[in-house]
Amino acid sequence: MTMAHVTVLICLVLLTGHLSLVCGTLTVSYSPGYSEESEWVTVTAGEYLIVNMTISGIESDTQIELKSQHPDFFVVGGNATFQLMPTVGIEDPDLMANHSLSFVLQGIFIGIGNLTFEVTNIASNVDLPKNTINPLRVKVLQKPSILSSIFTYTLVVFLFVAYISMGVNMKWREVWKRLRRPWGVIIGAVSQFIVMPLVAYAVAKIANLDNESAVGLIVIASCPGGYVSNVITLFMECDLVLSITMTAVSSFIAFGLMPLNIFLYGREFTTENESLETPFSNLVISLILLVIPILIGIFCYYKLPKVTKILQIVLRPISLLLIIISLGFGIPVFIYAFRAPPEVYLASIVLPLIGSAFGVLLAKMACLDNLSAITVAIETGYQNALVGLALSQLSYPQPEADLIARGPCLYYLFSMIEGTAIVGIYRLMKRFPGKPFANPDSQSEEMLPQNDDANGDAPPADVGLTNLTSPSKAEQAAAEEAN
């Protein structure tokens with residue numbers, strides 16, 4: 001097993017009988033696993049990291065005990081307690097010899113945690129302040145896997161194909177009609193890019209999510225709409241044209257508003273980890289790569305009708321194949337997401353529901369009809385989590401990217417479950433209208449044959465006046481024989 005070595009030099013001086021960190025700086029000899037600028041070490045899950053630490057300024061017998069604050073992520077292997085004695089014969093603290101010690105970190109599971117140092121004066125048996133030696137941040141990475149790279153690039157290709165398919169299959173004349181009366185589209189955009197990120201921020205604060213999960217939730221809420229919302233709208237028999245129009249418009253608007261929302265609502269969660277800061281350049285480049293295929297599809301739709309027909313035939317089976325490949329590689333790659341804390345599960349479940357509720361509320365306040373209001377609600381609550389997943393993998397460093405991706409994974413899963421349940425309930429209510437609350441007497445009356453004449457109703461519309469006033473031919477023949 002690979003043993004990475006890193007040397008961390010922590011300079012300590014004597015101050016009123018206690019040890020304190022000088023300037024809070026770590027002097028590092030460069031080797032794999034340590035970042036001088038950010039003061040953290042990295043270790044891979046299932047592997048070990050040897051850390052060599054040098055301390056100067058010890059003037060009395062001192063004990064240092066190492067403790068992992070997040071044993072689910074990493075542990076200290078072997079000896080975790082060290083006793084150091086002062087150097088004899090040197091009075092000048094600046095000239096005191098360094099004390100070197102080595103300890104082992106074992107990566108357990110992907111995550112970010114702190115290694116703390118408890119310093120005790122052995123002579124007086126007094127624990128020194130906790131910040132005597134600043135905690136060392138430890139980042140645990142997943143084991144490198146070719147499956148992860150295959151999944152990421154397959155997902156990017158799928159999104160590229162899907163957006164080209166959107167461009168060549170969309171009835172742009174119908175979309176243009178909606179854009180000429182854009183009230184529903186405007187309400188939808190406000191719900192998606194103003195209300196939804198704010199809801200995600202509130203859910204992250206209330207659920208007390210860790211920083212990476214909070215950023216992941218905000219990334220989801222800032223995404224444009226996707227095919228899931230279109231499919232749910234179709235099966236709910238709502239305004240499909242409005243849904244598709246909102247999806248197309250939101251895909252273009254996301255180019256500017258998605259990075260802005262991630263910055264505005266996510267910056268509070270980046271103070272402890274600079275790696276979580278909004279990667280504007282990476283996000284913009286990724287979004288450009290998503291907008292380009294839509295433009296390609298639109299160009300083919302208007303300028304290359306023959307190519308459009310070919311693409312309409314070819315792209316659907318290709319998309320299906322890419323979905324199968326993505327699922328095949330994605331499930332083992334992101335299986336770690338199911339070990340997310342309970343609060344991440346809770347946030348992923350309630351976010352689409354709360355977002356949909358605010359969407360329908362805003363739509364009704366704007367006096368939209370019921371079908372349009374439900375469509376806005378679906379588009380607001382059910383964002384394109386696959387875009388969020390792809391952007392998190394392409395834009396953030398590891399392990400932050402994988403930790404952020406837990407939110408989009410769980411959100412996508414639960415939004416599919418909730419959407420299927422809502423469609424199922426709607427279909428049952430449509431198939432059996434009023435059955436649980438129907439009046440038995442009214443049901444029995446409906447089963448009886450109706451006599452319109454007895455009720456004084458008018459004759460059926462398909463009965464002509466001649467049939468009502470003139471005798472039939474048989475009646476005329478019978479009258480002649482009688483005469």
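Starting from 1, each residue takes its place in the sequence as its number.
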Q | Nearest-0.5 Å distance, CD of residue Glu65 to OG1 of residue Thr81 | A | 4.0 Å
Q) Can Tyr426 and Glu237 be counted as having a side-chain donor-acceptor contact under 3.5 angstrom? A) yes
Q) Are any of the side-chain heavy atoms of Leu413 and Phe338 separated by less than 4.5 Å? A) yes
Q. Is the side chain of Arg427 donor-acceptor paired with the backbone N or O of Gly424 at a distance under 3.5 Å, no angle test?
A. no
Q) Side-chain contact, heavy-atom cut-off 4.5 Å: Ile220 with Tyr412? A) no
Q. Just how far is it from atom CD of Gln398 to atom CD of Gln393, taken to the nearest 0.5 Å?
A. 6.0 Å
Q: Search all heavy atoms of Pro352 against all heavy atoms of Glu418 and return the closest pair with its distance.
A: CG-OE1, 3.1 Å
Q.
We want to know whether Glu379 and Ser243 form a side-chain donor-acceptor pair, criterion being a heavy-atom distance below 3.5 angstrom.
A. yes
Q. Can you tell me how far CG of Leu410 sits from OG of Ser415, rounded to the nearest 0.5 angstrom?
A. 10.5 Å
Q: Compare every heavy atom of Ile112 with every heavy atom of Pro399, then report the nearest pair and how far apart it is.
A: CG-CG1, 4.1 Å
(Q) How close do Gly359 and Thr380 get, counting heavy atoms only, and between which atoms? (A) CA-OG1, 4.0 Å
Q.
Ignoring hydrogens, what is the shortest heavy-atom contact between Gly225 and Ser250? Give both atom names and the distance.
A. N-OG, 3.2 Å
Q: Verify, without hydrogens or angle tests, whether Ser165 (side chain) and Val161 (backbone) share a donor-acceptor contact under 3.5 angstrom.
A: no
Q.
So Phe255 and Val284, do their side chains get closer than 4.5 Å, heavy atoms only?
A. yes
Q: Please examine the side chains of Val228 and Leu386, heavy atoms only from C-beta on, and report whether any two atoms are closer than 4.5 Å.
A: no
**Q.** Donor-acceptor contact present, side-chain Thr308 to main-chain Cys300, <3.5 Å
**A.** yes
Q: Enter the distance from Thr375:OG1 to Leu242:CG here, rounded to the nearest 0.5 Å.
A: 5.5 Å
Q.
Can a donor-acceptor pair be found, under 3.5 Å and without considering hydrogens, that links the side chain of Ser222 to the backbone of Asn261?
A. no
Q: Kindly say whether Leu276 contributes a backbone atom to a donor-acceptor pair with the side chain of Glu400 at under 3.5 angstrom?
A: no
**Q.** Shortest non-hydrogen contact from Pro259 toward Thr278
**A.** O-CG2, 3.9 Å
Q: Output the distance between atom CG (Leu283) and atom CG (Leu260), rounded to the nearest 0.5 Å.
A: 11.5 Å
(Q) Determine whether a donor-acceptor pair (N or O, by modelled atom type, separation under 3.5 Å) exists between the side chain of Trp183 and the backbone of Ala366. (A) yes
Q) What closest approach, in Å, do Val219 and Met258 show between heavy atoms, and which atom pair accounts for it? A) O-CE, 3.8 Å
(Q) Tell me whether Gln312 contacts the main-chain N or O of Val168 through its side chain, where contact means a donor paired with an acceptor under 3.5 Å. (A) yes
Q.
I'd like to check Asn273 versus Asn211 (side-chain heavy atoms, cut-off strictly below 4.5 Å). Are they in contact?
A. no
Q. When you look at Leu147 and Phe151, which way does the side-chain contact (heavy atoms from CB on, under 4.5 Å) test go after all the steps?
A. CA-CA 6 Å; Leu147 295 181; Phe151 170 80; over 6 Å; no
Q.
Counting only heavy atoms from other residues, nucleotides and ligands, does the tally under 6.0 Å from OH of Tyr153 exceed 12?
A. no
Q.
Any side-chain to backbone donor/acceptor pair from Asp210 onto Glu212? Under 3.5 Å, distance only.
A. yes
Q: Would you please name every residue forming a ring pair (Phe, Tyr, Trp, His ring centres under 6.0 Å) with Phe73, sequence neighbours left out?
A: His70
Q. Are Tyr411 and Leu389 close enough that some pair of their side-chain heavy atoms sits under 4.5 Å apart?
A. no
Q.
Do Ile244 and Thr247 have side chains that approach each other closer than 4.5 Å (heavy atoms only, starting at C-beta)?
A. no
Taking only distance into account, with no hydrogens and no angle test, what donor-acceptor pairs under 3.5 Å do side-chain atoms of residues 196-205 form with protein atoms, sequence neighbours excluded?
from: Tyr201; atom 1: OH; to: Glu268; atom 2: OE1; distance (Å): 2.5
from: Lys205; atom 1: NZ; to: Glu268; atom 2: OE2; distance (Å): 2.5

**Q.** Leu136 and Phe117: CA distance, side-chain angles, deciding distance, side-chain contact (heavy atoms from CB on, under 4.5 Å) verdict
**A.** CA-CA 9 Å; Leu136 183 63; Phe117 303 87; 4.1 Å; yes
Q: Using a strict cut-off of less than 4.0 Å between a Lys/Arg side-chain nitrogen and an Asp/Glu carboxylate oxygen, indicate whether Glu47 and Lys143 qualify as a salt bridge.
A: no
Q.
Determine whether Tyr336 and Phe334 satisfy the following criterion, side-chain contact (heavy atoms from CB on, under 4.5 Å), listing intermediate values before the conclusion.
A. CA-CA 5 Å; Tyr336 71 90; Phe334 291 100; 3.5 Å; yes
Q: Output, in order, the C-alpha distance, side-chain angles, deciding distance and verdict of side-chain contact (heavy atoms from CB on, under 4.5 Å) for Ile422 and Met236.
A: CA-CA 8 Å; Ile422 291 172; Met236 290 288 290; 3.9 Å; yes
Q. Would one find more than 12 heavy atoms of other residues, nucleotides or ligands at under 6.0 Å from atom CZ of Arg339?
A. no
Q) Which of these passes side-chain contact (heavy atoms from CB on, under 4.5 Å) with Tyr382: Ile232, Val231, Thr233? A) Ile232
Q. Atom OG1 of Thr152 and atom CG of Leu394: how far apart are they, to the nearest 0.5 Å?
A. 6.5 Å
Q: May I ask you to test the Val140-Phe109 pair for a side-chain heavy-atom distance under 4.5 Å?
A: no
**Q.** Whether over 12 other heavy atoms sit under 6.0 Å from Phe193 CZ
**A.** yes
Q: Check whether any side-chain N or O of Thr44 sits under 3.5 Å from a backbone N or O of Leu141 as a donor-acceptor pair, and report yes or no.
A: no
